[in-house]
Amino acid sequence: MKSHTVPKKLLEQFAYDDPVTRSKRLWRYQKGQPPYGRAAPKTATRWDGHFADPSNSMKEAELEERLKREFEDPVNQFIDMIGYRTFILTAAHIRFLTGYITILFNRTRARRAASEGQSNIPIEALRALLSDDQKLSDLAAKLTMDMIDSGHQLRWMVTRQEIIDGIMREIARHTNDDEAQRSYIHTMETMMAFADEKMLNGHWGIVHTEPDKPFVIGDAPVVTWERTASNILMFGQGFARPDVEALLPVSPTTCLHVLPLVARGRPVRTPAPEEVNMAQAAFATEHCFTNLCSPEIDATLQPQFGKTRLGIEGFSLSQVDYNKVLFDILLGRRPHVAAPR
């Protein structure tokens, strides 16, 4: 089954009416390639098996239906009206858009690729634990005390070897080709139930541009940045980071600009269309789209394509000591993990 990563209705907002095919088409921009003018909104971001669940053949169709019913359909009722300068975002609009943006960020190929890297993190942490004799002894002692406190009658202490055997079984359980995809599907279902209060209660604005200088939309269209005091854009900041801004173009002339409810230490500037387009290319896995062919837009996009890979250059947790986090969890401590950068 081919799954949609960017909703068809959203892509149609950026399409033009092609007189040859008598249908809507997009101008597609890609790294190292000239613009291509015949991309169809129906198939431009549709990929085979994107939401496939290795353990449930029905899950992909179920997720597609839920995404349409719970997130796309409510926003589709007013998405084409956002471009009118007289349009005012109500509390109901913002509630629907908060869920829409959250899911749109997570349903992309960029987010799915990040799951592949993240699935290796717990395995590497478990392997590191195997080489630390002191931590293995501490875990054996902790497990022994927990069992005694639970009323178990023990004939012997839990041994380091039993801890090692348990870790090896856990590594084997997570070491398979399906783990990253399982993790991604779990993430999608988790985020479908998540309410981002900081985004919901933040400041929502609409940025407009002229038709001859349009916004593009990338295949990972929800982008973030932090603007430094020297006016440098740092792409890929986490949604809970201080001074973070989130942006989603919804038509060639309209872009949502969201300031989540986080600490802010400097004035906010209205984003320029060129800045938004740079961010769209930086986050994109492969393509950006809009309604016209523009050498100026192509020149803006080309050097930015693929610069912000989720989990690597953007939304990175590289500063987290996962070995310590895992050990704290196993000992029953509450680990502290900083927000993604």
Side-chain angles (χ1 to χ4, degrees), residues 5-6 10-11 14 28-33 44-45 47 50 100-121 180 183-184 187-188 191 196 198-199 207 215-250 255-260 262 268-269 271-290 297-320 338-341:
T5 54
V6 180
L10 179 57
L11 287 177
F14 291 82
R28 185 181 71 198
Y29 295 80
Q30 183 176 356
K31 180 74 172 179
Q33 300 292 328
T45 60
W47 305 97
H50 184 76
Y100 186 85
I101 286 176
T102 300
I103 290 302
L104 190 52
F105 175 81
N106 283 281
R107 71 190 290 179
T108 62
R109 286 197 299 158
R111 178 61 185 85
R112 182 178 179 270
S115 290
E116 296 179 6
Q118 291 172 352
S119 66
N120 293 324
I121 291 173
S183 173
Y184 177 61
T187 296
M188 282 298 302
M191 298 311 296
D196 191 329
K198 292 183 184 298
M199 185 178 297
V207 181
F215 295 115
V216 303
I217 185 169
D219 55 27
V222 177
V223 301
T224 65
W225 68 48
E226 175 190 344
R227 191 187 296 272
T228 69
S230 56
N231 199 29
I232 296 173
L233 297 178
M234 299 171 59
F235 296 146
Q237 304 301 299
F239 291 103
R241 292 274 296 179
D243 293 304
V244 68
E245 304 173 39
L247 303 103
L248 171 64
V250 294
C255 180
L256 293 172
H257 182 210
V258 186
L259 305 178
V262 298
V268 177
R269 301 190 184 193
E274 184 177 19
E275 293 175 329
V276 175
N277 291 346
M278 289 169 59
Q280 290 294 310
F283 274 67
T285 300
E286 195 169 0
H287 301 132
C288 288
F289 308 92
T290 195
I297 289 176
D298 194 44
T300 296
L301 302 181
Q302 285 296 331
Q304 301 297 327
F305 270 116
K307 278 192 171 182
T308 305
R309 294 169 294 175
L310 300 190
I312 303 175
E313 293 89 4
F315 290 81
S316 173
L317 286 172
S318 59
Q319 75 277 17
V320 176
R341 292 185 296 177

Given side-chain contact (heavy atoms from CB on, under 4.5 Å), test R241 with T224 step by step and report yes or no. CA-CA 10 Å; R241 292 274 296 179; T224 65; over 6 Å; no

Stepwise side-chain contact (heavy atoms from CB on, under 4.5 Å) check, Y100 with L10: CA-CA 11 Å; Y100 186 85; L10 179 57; 3.6 Å; yes

So which heavy atom on W47 is nearest to which on E286, and how close? CH2-OE1, 4.0 Å

So, for Q33 and D298, which heavy atoms are closest and what is the spacing to 0.1 Å? O-OD1, 4.3 Å

Closest contact, heavy atoms only, V244 versus G238: CG2-O, 3.3 Å

Answer yes or no: is there a side-chain heavy-atom contact under 4.5 Å between T108 and D219? no

Qualifying salt bridge (Lys or Arg N to Asp or Glu O under 4.0 Å) pairs, either residue in residues 228-240, two or more places apart: none

Going from NZ on K31 to CG on L301, what distance comes out if it is rounded to the nearest 0.5 angstrom? 10.0 Å

Around atom CD of E274, are there more than 12 heavy atoms of other residues, nucleotides or ligands at under 6.0 Å? no

For residues G236 and T308, report the shortest heavy-atom separation together with the two atoms involved. CA-CG2, 4.0 Å

Less than 4.5 Å apart, side chain to side chain, heavy atoms only: is that true for N106 and M188? yes

pair T5-R112: side-chain heavy atoms closer than 4.5 Å: no

T285 side-chain N/O to R109 backbone N/O, donor-acceptor pair under 3.5 Å: no

Would you say T102 and F239 make side-chain contact, with heavy atoms under 4.5 Å? no

Quick one, L248 and L104 - any side-chain contact, counting heavy atoms below 4.5 Å? yes

Nearest atoms (heavy-atom pairs only) where Q280 meets A220: OE1-O, 4.3 Å

Less than 4.5 Å apart, any side-chain heavy atom of H50 and any of Y184? yes

Where do F289 and F14 come nearest, in terms of heavy atoms and distance? O-CD2, 4.2 Å

Please check if the side chain of Q302 supplies one atom and the backbone of G32 the other of a donor-acceptor pair under 3.5 Å. yes

Just one of P221, P273, C288 clears the side chain to side chain contact (heavy atoms under 4.5 Å, CB included) bar with F215, so which one? P273

By side chain to side chain contact (heavy atoms under 4.5 Å, CB included), D243 pairs with (sequence neighbours left out) E226, R264, R266

Among L247, L233, N277, find the residue that satisfies the side chain to side chain contact (heavy atoms under 4.5 Å, CB included) test when tested with P271. L247

Relative to each other, are the rings of F235 and W225 parallel, tilted or perpendicular (30° and 60° limits)? tilted

Tell me every residue that passes salt bridge (Lys or Arg N to Asp or Glu O under 4.0 Å) with R227, counting only those two or more places apart in sequence or in another chain. E275

